[in-house]
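Report on the structure given below.
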Amino acid sequence: MCKVAESKRTKIKALLTGEQVDVNVRVKGWVRTKRGNKNVSFIALNDGSCLANLQIVADPNNISEDILKRITTGACISAEGQLVASQGAGQKVELNAETIEVLGEADPETYPLQPKRHSLEFLREIAHLRPRSNTFGAIMRVRHAMIFAVHKFFHDKGFVNVHTPIITGSDAEGAGEMFRVTTMDLANPPKDEEGNIDFKQDFFGKETNLTVSGQLEAELGAMALGEVYTFGPTFRAENSNTTRHLAEFWMIEPEVAFADLEDNMDLAEEFLKFLAKYALDNCREDLEFLKERALQEEKNLPADKKNELNLIERLEFVANNDFQRLTYTEAIDILKNSKPNKKGRFQYKIEEWGADLQSEHERFLVEKHFKKPVILTDYPAKIKAFYMRLNEDEKTVAAMDILFPGIGEIVGGSQREERYEVLVEKVKAMGIPEEHVWWYLDTRKFGTAPHAGFGLGFERLILFVTGMTNIRDVIPFPRTPGTAEF
Ligand code: 4AD
Ligand code: MG
């Protein structure tokens, strides 16, 4: 017996443009709501291709009562029928169902997502189902658009994407916040003659960890290919339970030969402006939804905690205005003389030059003082990583951090120390074992060149672009201290 070929599925996004009506189509997706009466049912169907639902009109003359009963919130269905201009307000088109097949039921007694706004905390507990909520659908689509935009930006400029290793034997940032990688029996690890754990017998014959940054290897690429970038997962075992930190996050790290700090700032600023504009041009429906969502959330906040600009305006602001550039030294002067510092309102009072900046200081500069993105440069050498180029004053390094409203640090970068002797000295002074970085030092011995790069924290970017306030809500499956569910 030959089965009549089933018509192909069309994505709801394509149908909602209203370009095609009075055609027979098939859609597949998940039921958001069903309402109606004994004469007719209206089913709101979402298939993830866009925020909006397609209204399906089910007439009991065509669709049996038995099928209709099984169509509840969360169920997955395949529906086929005539796409027609809608008579009701709220949508251009709707589908008059001729057949409906229930692909998967969702027991209304136990299905956790109801057609109402759930709290973000609750949704984190059901991260396996939260992509089916409007908010997370929107975030995931925006996240995808930004991934694509990152590759487009660098590809169009002729950068080469380099996959740097996830398992490494080095600590690029020198902060010692690494997850160990081992196959040793933890209860009974092999020991050397002195009774210490013998890592020579471990899988890689040495101590290894998950990478905290792809930068060191990206630099090797830049010293051959000129302009490269990495976009990979990075891991940090810092025990900071904040709304800005993840233990597993994604980072974009361009590295450019023959570039100095100025070039580096120009590239980073152009990149962030491009990303903001790309989101505005390509994610409008989702951004409008997220803007409204944020406005609702902010309703109950005190006036000084509310954003002065809405989400769309913030993105436009970044796309169209130059960032404020100043040195660390200038920033310290501003902070020292600031009202909150004098009145003891900072948790960490700024007393003297050399202090590390906390997020409260960064946010004061960005949100209160300059009211725009800020690029801070030339930090004290002793609070920054070993690879940053020493300035002529021998006190500061050619570092740059980009600070964003509502986020704090979004980018960290620098011109790199390309002078062999200076770098070796630095490695020694910071107690970095030369056997960990000999290959890195080699690039300074063989055809060294000035170069610079930076790292953009991808989830911090997505916080900014979506207006969400907790980093756990912009990555599908967040990894934070104490949480690795799903
Ligand atoms: O400032 P960081 O530590 O710089 C580096 O890793 C350099 N190797 C980058 C480079 O020059 N190639 O990290 C870069 C960015 C930060 O500005 C921040 O946006 C993000 O990565 N980041 C985090 N994002 C989420 N969770 C964390 N725990 C993060 N730590 C850093
Ligand atoms: Mg940093």
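In each ligand, atom 1 is the first atom listed, and ligand 1 is the first ligand listed.
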Looking only at N/O atoms, are Arg416 and ligand 1 under 3.5 Å apart anywhere?
-> yes
Got a second to check how far Arg293's CZ is from Glu298's CD, nearest 0.5 Å?
-> 11.0 Å
What residues, two or more places apart in sequence or in another chain, satisfy ring pair (Phe, Tyr, Trp, His ring centres under 6.0 Å) together with His144?
-> none
The closest protein heavy-atom partner of atom 18 (C) of ligand 1 is Arg460 NH1, 3.6 Å
Taking only heavy atoms of Gly412 into account, list the atoms of ligand 1 that are under 4.0 Å away from them.
-> 1 (O), 9 (C), 10 (C), 11 (O), 17 (O)
Hey, mind stepping through His151 and Tyr229 against ring-ring contact (aromatic ring centres under 6.0 Å, His included) and telling me if it holds?
-> CA-CA 9 Å; His151 287 296; Tyr229 70 107; 5.6 Å; yes
Atom 14 (C) of ligand 1: closest protein heavy atom, distance to 0.1 Å, is Met251 SD, 3.4 Å
With a 3.5 Å cut-off and no angle check, do the side chains of Glu253 and Ser213 form a donor-acceptor pair?
-> yes
With heavy atoms of Glu409 as the reference, note each atom of ligand 1 found under 4.0 Å away.
-> 1 (O), 16 (C), 17 (O), 19 (O)
Say whether Phe249, considering both its backbone and side-chain N or O atoms, lies within less than 3.5 Å of an N or O atom on ligand 1.
-> no
For Glu217, side chain to side chain donor-acceptor pair (under 3.5 Å) partners two or more places apart = none
What protein heavy atom sits nearest atom 20 (C) of ligand 1, and how far away is it?
-> Gly457 CA, 3.6 Å
Cut-off 3.5 Å, no hydrogens considered: what does the side-chain donor-acceptor table look like for residues 268-277, sequence neighbours left out?
unit_1: Glu269; atom_1: OE1; unit_2: Arg325; atom_2: NH2; d: 3.0
unit_1: Glu269; atom_1: OE2; unit_2: Lys273; atom_2: NZ; d: 2.8
unit_1: Glu269; atom_1: OE2; unit_2: Phe323; atom_2: N; d: 3.0
unit_1: Glu270; atom_1: OE1; unit_2: Lys157; atom_2: NZ; d: 3.3
unit_1: Glu270; atom_1: OE2; unit_2: Lys157; atom_2: NZ; d: 2.9
unit_1: Lys273; atom_1: NZ; unit_2: Asp322; atom_2: OD1; d: 2.7
unit_1: Lys277; atom_1: NZ; unit_2: Asp281; atom_2: OD2; d: 2.8

N/O of Glu238 under 3.5 Å from N/O of ligand 1, yes or no?
-> yes
State whether a side-chain donor-acceptor pair under 3.5 Å links Asp171 with Asn209.
-> no
Pull out every atom of ligand 1 sitting under 4.0 Å from any heavy atom of Arg244, numbered as shown with elements.
-> 25 (C), 26 (N)
Part of Glu255 with heavy atoms under 4.0 Å of ligand 1, whether side chain, backbone, both or neither = neither
Residue and atom, protein N/O/S, under 2.8 Å of the Mg ion (ligand 2) | Glu409 OE2
Does the side chain of Arg117 come under 3.5 Å of the side chain of Asn134 through a donor N or O and an acceptor N or O?
-> no
What do you reckon, does Tyr387 put a non-hydrogen atom under 4.0 Å from ligand 1?
-> yes
Side-chain donor-acceptor pair present, Ser414, Arg416, cut-off under 3.5 Å = yes
Quick one: look at Val411 and ligand 1, take heavy-atom pairs under 4.0 Å, and tell me if it's side chain, backbone, both or neither.
-> backbone
Can you check whether Tyr278's main-chain N or O pairs, donor with acceptor, with Asn282's side chain at less than 3.5 Å?
-> yes
May I ask you to decide if Leu390's main-chain N or O and Glu417's side chain share a donor-acceptor pair within less than 3.5 Å?
-> yes
Filtering Glu253, Glu459, Arg236, Met400 for the heavy atom nearest atom 13 (O) of ligand 1 leaves Arg236
Any N or O on Leu246 sitting closer than 3.5 Å to an N or O of ligand 1?
-> yes
In terms of its nearest heavy atom to atom 5 (C) of ligand 1, the top option of Lys384, Gln215, Glu173 is Glu173
Which residue holds the protein heavy atom closest to atom 19 (O) of ligand 1, what is that atom called, and what is the gap in Å?
-> Ile410 O, 2.8 Å
Taking it one step at a time, do Phe179 and Phe235 satisfy ring-ring contact (aromatic ring centres under 6.0 Å, His included)?
-> CA-CA 7 Å; Phe179 290 101; Phe235 308 87; 7.0 Å; no
Is the closest heavy-atom distance from Gly413 to ligand 1 below 4.0 Å?
-> yes
Short side-chain donor-acceptor distance under 3.5 Å, His451 and Glu418 | no
Are His361 and Tyr348 an aromatic pair by the rule of ring centers under 6.0 Å?
-> no
